[in-house]
Amino acid sequence: MAVSRLLNDLNDPQHQAVTSLSQHLLVLAGAGSGKTRVLAHRIAWLIETTQISPWSIIAVTFTNKTAREMRGRIETLLHLDTQSMWIGTFHSLSHRLLRRHWQEAGLSQQFQILDNEDQLGFLKRICKQLQLDENLWPVRQFQNFINNSKDAGLQPQDIDVQGSDQLANQVQVYQAYQTACERGALVDFGELLLRSHKLWLQRPDILQHYQNRFQHLLVDEFQDTNTIQYAWLRTLAGSSCSVTVVGDDDQSIYSWRGARIENIQQFSQDFKHGEIIRLEQNYRSTETILKAANGLIKHNNGRLGKSLWTEDQSGEPISIYAGFNEQDEARFIVEQIHRWESAGNLRSEAAILYRSNAQSRVLEEALIRSSKPYRIYGGQRFYDRLEIRNALAYMRLVNNRYDDAAIERIINIPTRGIGVRTLDVIRQNARTEGSSLWQAAQGIIISSALPARAHNALHGFLNLIEQMATATAQMQLDELTDYIIRVSGLIKHHSKEKGEKAQTRIENLNELVSAAKTFASTWSPAQLNRQLDEEADERPETALAAMLDQAALDSGEQQADESEDSVQLMTLHSAKGLEFPLVFMAGLEEGLFPHQLSLVADGRLEEERRLCYVGITRAMQKLIITYAEARRLHGQDTMNRPSRFISELPQELIEEVRLKSSVRRPLSYRPAVSNPTDRRSQRTNLMETPVLALGQSVRHAMFGEGTVIDAEGSGPRARVQVQFDSQGSKWLVLSHAKLELI
DNA sequence: AAGATAGTCGTTTTT
DNA sequence: CGACTATCTT
């Protein structure tokens, strides 16, 4: 029967984890130990052997992407439609809950999700109203405070402000923000969790319902759960549910947003009768890479203890390259990728990982210069683009007139004569009436409180939105989108931008239309409720509302052109869970990685080290670490020491790729071309000591004349790269190629 | 009210 | 360095 298929190819601990009958299970799974596989197989096994309904399983993943993968795996394993299963992130599951119980949760049915950027804009406005000096009270600080509070499960009234003016002030802003959110029917990320948890606590009947339903609760990336998430799952689990959590304390890299590794220990205490299984065999990396990872992470204290091993061969040493500056670093990386390709490998097998997004620019430029396609993960996501956010704001208003964040964004985009002056009047009225901006604006029109010109402009705007709503009511989602971007004037507005911007903006807007089409084709109003779940909502959600939710919640990891073979660029954080044959870790400098800010707060350095551990363990075959001796950052030149993490690696695993000092500097930094004596000595010693200068003209018997553009290694392995006048550029081993200086 | 220009500011990671 | 604001001009 199919059960054996689920258990084939599993090693002993994996097998145990998949088939464990303990009520609770904690799987400590090292990097590359087949964690996701175990989770998927366990779910499949539970369904297959214990005859429980897929319906009674709830699985929580860290990202939407992982959730999709999980569904895919289960569908492959069992040929089963996973639509009825609750698989998703804490946020998306909470959201689903709130959509269903909006009334009991005290929400408007039209509630919309407020993402980070809108949240910040919102807070800016609130701070202005409260007349807080922005230099004294940076808005971002309030944003962090609010989000951290929510992650910790704290609402304004839960915070004791005794004796701290600062705290009192922050709570005041928090409170004002909450009020504003309620008025606009807006729910931020933290609120999704907070509210759904509160719903359960306040409505035991609803909680009971879900506790009856879910017999198995599984959690991936458990080390990254925060306080409210842990409380959430503990509440849901109740006493009879079976709970499986999978995690790796060494890969906890999100404490800055409230993740608590301690939850792992907490789990053992709270969920008695639990079994603990360790997955330590790694199927991903060479022995060298694993030794490096183990060697590094040893420097952390208070680990649960876990040591990866492999049956794989030792593999290539870890290369370390010291770039002269960040340009040189990038150039080196691109060159290595070129070599990798020349050896018959795919570009897409190579990944460049870095600590912060700002580093990607130089790398991109180098890749563009050598016309290598690349793909950036994270970074600016589709739904984050200005023009897309504008379009979505219109759509949000059509969906929910009270969405203050949306009004603020587009009330005067394209410019339609509603300036700050008018806007201030609206805000003022909204504040005194305690109403939304939309209502306030309507009131102003009715009472004709504005000068004629502004009055007409505002009236026109209100009519425009209402007219859009009416006109699109019966439209398909993609028609609606197309209608809105045209009638709003966004297309015209963005096409007026100068440079190439206009073109891409329009392309993106059109892309949004096709995204809407795709979304509509995979979405049906019944999907969430009717057939698959026991309760049907009276009124199904509209496709528009569903798309807006998705845009906020899953800001588009589904990148378009995966077809082209391209180099992968991403931050170390977004690399978690992925693997690549060839991995570069760039910018390993003190101050950059570990990051400056991590050196002050305690505990942060260890997290940086774990981040480095995550980076190392992404590599399957070859790991190349680079740093720059000088780096231009924020327009300032800085000299950084190599990262301490480099010296924490077992030195015997490392091979330093240092260029000879005479050739390692870029041409512009070199003194003028060598004098005749030098040249003579170079010619005589060419075979033994490769002291070729970059920029040196040479002749090759077969390829003709060219210029030395790069060099590396020494002795018999010394090689130079020559840009030939007619044959392109080639790497030549000096001891073989008979190069003549000219 | 809109657009242009100058001047200031902060610089991590993201569901 | 570049994003964002405040201020100036039209």
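Remember, it's a predicted structure, so these values are computed and weren't measured experimentally.
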Rounded to whole Å, CD of Q143(A) lies from C1' of dG10(B) at a distance of 15 Å
Work out how far the P atom of dT13(B) is from that of dC4(C), and round it to whole angstrom. 15 Å
If the cut-off is 4.0 Å, is N147(A) near the phosphate of dT14(B), judged by side-chain N/O to OP1 or OP2?
no
Side-chain atoms of T571(A) come closest, of dT14(B), dA2(B), dT12(B), to dT14(B)
Contact string for nucleotides 1-10 of chain C, one letter per nucleotide 5' to 3', B = base within protein heavy-atom range under 4.0 Å, S = sugar-phosphate only, - = neither, reads BS--S-----
Quick note, N357(A) side chain, CB onward, closest among dT13(B), dT12(B), dA1(B) is dT13(B)
Those residues at least two apart in sequence (or on a different chain) that pass side chain to side chain donor-acceptor pair (under 3.5 Å) with R303(A) are D250(A)
Geometric cation-pi criterion R125(A) and Y177(A), 6.0 Å radius, 45° cone: no
Rounded to whole Å, the NE2-C1' distance (H573(A) to dT12(B)) equals 8 Å
- [ ] Answer yes if the ring centres of W232(A) and F90(A) are under 6.0 angstrom apart, and no otherwise.
- [x] yes
ask   = Can you find a heavy atom in the side chain of K35(A) that is under 4.5 Å from one in the side chain of D220(A)?
value = yes
When rounded to whole Å, the CD to P distance for the pair Q119(A) and dT14(B) reads 16 Å
Testing dT15(B), dT11(B), dT12(B) for proximity to the side chain of R257(A), the answer is dT15(B)
Using a 5.5 Å cut-off between ring centres and planes within 30 degrees, is W256(A) stacked on the base of dT13(B)?
yes
Picking from dT15(B), dA1(B), dT14(B), the nucleotide nearest the side-chain atoms of T422(A) would be dA1(B)
Looking only at dT11(B), dT13(B), dA1(B), the nucleotide nearest the R355(A) side chain is dT13(B)
Taking for A454(A) and for E607(A) the nucleotide of DNA chain B with the nearest heavy atom, the one nearer the 5' end belongs to A454(A)
Whole-Å distance, F90(A) CZ to dT15(B) P, equals 15 Å
- request: May I ask you to say whether E608(A) pairs ionically with R644(A), meaning some side-chain N is under 4.0 Å from a carboxylate O?
  value: no
R416(A) CZ to dG3(B) P, in whole Å, measures 13 Å
May I ask you to establish whether K576(A) and Y254(A) are in a cation-pi arrangement, using a distance under 6.0 Å from NZ or CZ to the six-membered ring centre and at most 45° from the ring axis? no
Closest to the side chain of H595(A), out of dT13(B), dT15(B), dT12(B), is dT12(B)
Closest of dT12(B), dT15(B), dA1(B) to the S356(A) side chain is dT12(B)
With a 4.0 Å cut-off on heavy atoms, is N116(A) in touch with a base, just the backbone sugar-phosphate, or nothing at all? base
Under a 4.0 Å N-O cut-off, is there an ion pair linking E607(A) with R610(A)?
yes
Q119(A) side chain to N147(A) side chain, donor-acceptor N/O pair below 3.5 angstrom
yes
Separation of dT15(B) atom P from D549(A) atom CG, nearest Å, is 17 Å
note: L572(A), atom CG; dT14(B), atom P; distance rounded to Å ~ 10 Å
Separation of dT14(B) atom C1' from E221(A) atom CD, nearest Å, is 14 Å
